[in-house]
Amino acid sequence: MLKSKTFVKKTRSGGVMKVVREHYLRDDIWCGSESCTECKQESPVLQKDACIESNLCSYPHYLIPDTNVVLHQVDVLEEAVIRNVIILQTVLQEVRHRSAPVYKRVKDMIQDKEKHFYTFTNEHHRETFIEREPGESANDRNDRAIRVAAKWYSEHLKGHQPDGDELRVVLLTNDLGNREKAKENNLLVFKCEEYIKSLIANPELVDRLALSSDDQNDITSNKVLFAEHLPLSVIQTGIKNGSLLQGTFRASRDNYLEATVFVHGGGEDATEVLIQGLQNLNRAVHQDVVAVQLLPQSQWVAPSSVILQDEGEAKDENANEEEDKLQPFTAAQKPTGKVVGIIKRNWRPFCGMLNVSQIKESTRHLFTPAERRIPRIRIETRQASALAGQRIMVAIDGWPKHSRYPNGHFVRSLGKAGEKDTEQEVLLLEHDVPHQPFSQAVLSFLPKMPWAITPEDLEKREDLRHLTVCSVDPPGCTDIDDALHCRELEDGTLEVGVHIADVSHFIRPGNALDSEAANRGTTVYLCGRRIDMVPELLSSNLCSLRSNVDRFAFSCIWELNQKSEILKTRFTKSVINSKASLTYAEAQMRIDDSTKNDNITKSLRGLNKLAKILKKRRIENGALTLSSLEVRFHIDSETHDPIDLQAKELLETNSMVEEFMLLANISVAQKIYDEFPDCAMLRKHPAPPPSNYDILHKASKSQNVEIHTDSAKALAYSLDKASVEGFLYFNTLLRILATRCMMQAVYFCSGMDSDFHHYGLASPIYTHFTSPIRRYADIIVHRLLAVAIGADTTYPDLMDKHKQSALSNNLNYRHKMAQYAQRASVAFHTQLFFKSRGILNEEGFVLFVRKNAIIILIPRFGLEGTVFFDTKDKSAPNLVFDEAGPTLKVEQHTFCIFDKVKVTIRLDDTNIQHQKIRMALVDPVVRIHSRTSAASSCALLKNGNNVFIHLPF
């Protein structure tokens, strides 16, 4: 049966075009039930004995949830006990348009055979399709379509099941009007909450219910704490006429009363708006897209230098009293505003712990997220005693204007807090790292084993197995991306090759394996665990350039003179056989051992000599040599706990490999841009705004050293010359600060940007080519290069600059989250290390000075801690902060940046959620007890003020 609709529309050129839309209706769309004797279905999904113990429904039944139930109660639907659910096409299409994450979760449930979720295409069934009536809204039409489908199911099953069966259909909707109309049609209908509460054997499901607006109003006070959010129509008008700004809300990790809104599409001078105070924050949550109204310039303030964590009482009436804690400065004022509306919520389930109420038998409790930028959340649960001490997940349902905190519901428990597996799961979830096992659909695209190189493969590739190729990597590396060779040619020139694993041979565009790798974006390296971007068969076997096995490679080969000047460059798909898989230390020993003179050692010495020349030239051109402390854990082979912790040491061979990887990346970047100027995937590093260097200038000035930051070359030269007599660690500290002034390097599509420059490398163009096993960007670059040299064919998405740009955005996000997850893993393992160490005495340096605290760096452990001077359990000392220095005078002692101090270090695990490495000053002696913030391995400077990235442990 065919339904059609015909209408005309005006074209851009002014003409009129007739449009005919055809809608096909069918009779052969089956109901999916085992109980049905009418439908000719081969493998029904819905069970015949669809039984669940319920006070409302004592008979077998199927559930039909409406759109809002699916959108808001997806946590309940995912529970194992909820089975035999009919997802109507109408509902699925609405969910897809309104929430991509929920849509994916629903699709996963449909594919899970244990759940027995069935998709019924009611919009194409002859008896369930309905047309929209005149004057009927789209929402009312869809509600009617759901009722019609539910009615059809009820009558269809009643007339086509064996005698004695009482299988019925239950419609779940929270819409009062929809329920009343369903009852008029003699449908069995309940509110979702009503049905879930009726489940006798599963009372815990009630905790997973998202609160309705009525429920939220019940648990808040009558006092209005926040201004009403503006309607979306008013917001859109305000943005259009310039009275409002749209931007992304980013809460401070240091101060819960402060946030910054990064304005979308703003000019260079107005890209950030400072928000201070609860009323001005107005219920926005980190990463929400908000509408902001600028305050009059007379009310603009500077970012607060006070570190504040929300640890007060959970009382709504205290909200207004908290503003006094900010104490902002009058200097360095920034555009300041207030949130007047929410354009898009970016809520997700949050990991954290329950603060059990002190009121006996209370079901209302506060949940404290692990991520400090997320406010505490009120939830209702009857399992508080069982959840105490557990890491749990909670979702936000809403934030009424009468409530100090948002309201939410319990999602699931992750395990006992403090246990390694639990904490690792938390950090992966909190940093949105995809870590589920690879699906069968993905694994089906892997090569069948045993795999071997065929004669046909060799015909399409250059055979380089005769070359003395070797790899140099960290100890224990199994995903070997790169290998090198160096040999002298007959004319006295040198041939150098960088050979990269040919992952793109195994991962073809558009299949499930490719889609999964693109979504993951990068391999994530945690302490003692690796989350692969591609399945292990590829990452540690078929793609890995292990020694003494033939492997496919993509080779970049140069002819160089003795001055490391490039004479010729060529790229080729190849077959190699690595002669050795070395660690950096093993390669260094070969180079340094004068008794060794084999081909591998000769190759390494040649590479090392050329690399030194390349590095010297790079630095002369303005490349930066910065510093960041990295630590290495020595792990117990049985317990997998850290038994030693020390800062990583870099060898010449680290630099040797780095120089040739950089050279390959630059050579490939130029090649793919020359061939594909509109769709090359490149990587750039923007120059920092001058204000980012404020803290660097202040720090160097405190030691009477001048640093020039007008260009990368000037900065590099200044850092090389910076020294203080008797202060050997000064230059390293300065480089650590300079690193934190930098912007984030990002991937981008060449056709969507005009600024290609890489500031840190002082290179006009750059990309990533050398690590395709662990970075998806490199796979795209391999595909572009293969097309450029005629070794492979192209495909539409590769040449689409808009799709390449969208892909770049996802890769930038995944890369950033992976970095944060890795730092969180280091922080957690640092705590494990100190757990059994008691109290240690160490020397450190003051890295930053705040109004009420100093941040200390312990070089031996690569550890940072914050020592506060305004503790709650002591009367506050006399504090005098000078922002110009910056300096902090505590009683009679003045602290400056880079001051040398001695501290005691111990682990404080009294708060199991936010365990802290606590530091206490030993020298100089300040007569006040001190406490530190959570260990952090990184800080980000914005406009001269420190914003510490406190990791959620």
Side-chain angles (χ1 to χ4, degrees), residues 25 29-36 38-39 44-73 76-77 82-95 106 116-133 136-161 164-199 209 212:
L25 301 180
I29 296 174
W30 314 128
C31 69
S33 172
E34 284 180 347
S35 183
C36 180
E38 172 73 11
C39 295
V45 174
L46 301 167
Q47 294 173 300
K48 183 177 180 179
D49 53 341
C51 295
I52 183 171
E53 288 187 79
S54 167
N55 289 328
L56 292 175
C57 311
S58 57
Y59 34 77
H61 58 277
Y62 299 149
L63 298 176
I64 298 182
D66 74 356
T67 305
N68 284 320
V69 168
V70 173
L71 282 169
H72 302 301
Q73 307 296 351
V76 173
L77 294 177
I82 304 297
R83 293 178 296 177
N84 294 294
V85 176
I86 300 164
I87 302 293
L88 299 177
Q89 181 187 3
T90 305
V91 171
L92 198 58
Q93 286 174 343
E94 274 198 283
V95 169
V106 174
H116 299 281
F117 273 47
Y118 180 67
T119 307
F120 180 64
T121 50
N122 62 302
E123 297 291 355
H124 290 278
H125 194 288
R126 185 169 56 84
E127 295 182 34
T128 58
F129 170 76
I130 61 167
E131 302 225 37
R132 186 171 166 183
E133 295 176 349
E136 187 178 37
S137 70
N139 186 60
D140 287 344
R141 182 266 168 201
N142 287 343
D143 283 346
R144 187 161 59 90
I146 292 168
R147 294 194 300 272
V148 167
K151 182 74 172 175
W152 178 85
Y153 253 105
S154 295
E155 294 175 350
H156 176 79
L157 292 176
K158 191 174 183 181
H160 301 102
Q161 58 182 323
D165 284 5
E166 297 182 20
L167 195 55
R168 300 180 70 179
V169 174
V170 175
L171 175 61
L172 296 182
T173 176
N174 292 330
D175 184 282
L176 179 60
N178 199 14
R179 287 203 305 277
E180 289 177 348
K181 289 176 181 177
K183 288 175 182 176
E184 291 172 6
N185 293 332
N186 296 317
L187 290 174
L188 194 59
V189 59
F190 300 111
K191 283 179 66 176
C192 183
E193 180 183 359
E194 186 182 11
Y195 176 79
I196 295 300
K197 285 182 177 178
S198 78
L199 302 181
L209 284 167
S212 66

Original post:
Is the shortest side-chain N to carboxylate O distance from Glu123 to Arg141 below 4.0 Å?
Top reply: yes

Indicate the atoms forming the closest heavy-atom contact of [X] with [Y], along with that distance.
{"X": "Ile82", "Y": "Val76", "result": "CG1-O, 3.5 Å"}
{"X": "Ser35", "Y": "Lys48", "result": "CB-CG, 4.1 Å"}
{"X": "Ile146", "Y": "Leu171", "result": "CG2-CD1, 3.7 Å"}
{"X": "Pro65", "Y": "Val91", "result": "O-CG2, 3.7 Å"}
{"X": "Val169", "Y": "Leu188", "result": "O-CB, 3.5 Å"}
{"X": "Val45", "Y": "Asn84", "result": "O-OD1, 4.5 Å"}

Original post:
Of the options Asn142, Asn122, Thr121, which is the one that meets Thr90 in a side chain to side chain donor-acceptor pair (under 3.5 Å)?
Top reply: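 By the side chain to side chain donor-acceptor pair (under 3.5 Å) criterion, Thr90 pairs with just one of Asn142, Asn122, Thr121: Asn122.
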
[X] side chain vs [Y] backbone, donor-acceptor pair below 3.5 Å:
{"X": "Arg144", "Y": "Glu131", "value": "yes"}
{"X": "His124", "Y": "Leu25", "value": "no"}
{"X": "Asn174", "Y": "Cys192", "value": "yes"}

Original post:
Between Trp152 and Phe120, how do the two ring planes meet: parallel, tilted or perpendicular, split at 30° and 60°?
Top reply: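 The rings of Trp152 and Phe120 lie parallel, inter-plane angle below 30°.
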
As an exercise, state the distance from [atom1] of [X] to [atom2] of [Y], rounded to the nearest 0.5 Å.
{"X": "Leu63", "Y": "Cys57", "atom1": "CG", "atom2": "SG", "answer": "8.0 Å"}
{"X": "Glu38", "Y": "Cys31", "atom1": "CD", "atom2": "SG", "answer": "9.0 Å"}
{"X": "Lys151", "Y": "Leu187", "atom1": "NZ", "atom2": "CG", "answer": "5.5 Å"}
{"X": "Ser33", "Y": "Gln47", "atom1": "OG", "atom2": "CD", "answer": "10.0 Å"}
{"X": "Glu155", "Y": "Glu127", "atom1": "CD", "atom2": "CD", "answer": "9.0 Å"}
{"X": "Asp66", "Y": "Arg179", "atom1": "CG", "atom2": "CZ", "answer": "10.0 Å"}

**OP:** Give the C-alpha distance, both sets of side-chain angles, the deciding distance and a yes or no for side chain to side chain contact (heavy atoms under 4.5 Å, CB included) between Asn68 and Asp175.
**Re:** CA-CA 9 Å; Asn68 284 320; Asp175 184 282; 5.8 Å; no

**OP:** Answer yes if the ring centres of Tyr118 and Tyr62 are under 6.0 angstrom apart, and no otherwise.
**Re:**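 No, they do not, as the ring centres are separated by 6.0 Å or more.
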
Original post:
Does the pair Ile52 and His61 meet the rule for a side chain to side chain contact (heavy atoms under 4.5 Å, CB included), with working shown?
Top reply: CA-CA 8 Å; Ile52 183 171; His61 58 277; 3.5 Å; yes

For residues [X] and [Y], determine if any side-chain heavy atom of one lies less than 4.5 Å from a side-chain heavy atom of the other.
{"X": "Arg168", "Y": "Leu157", "value": "no"}
{"X": "Leu92", "Y": "Thr119", "value": "yes"}
{"X": "Asn178", "Y": "Val189", "value": "no"}

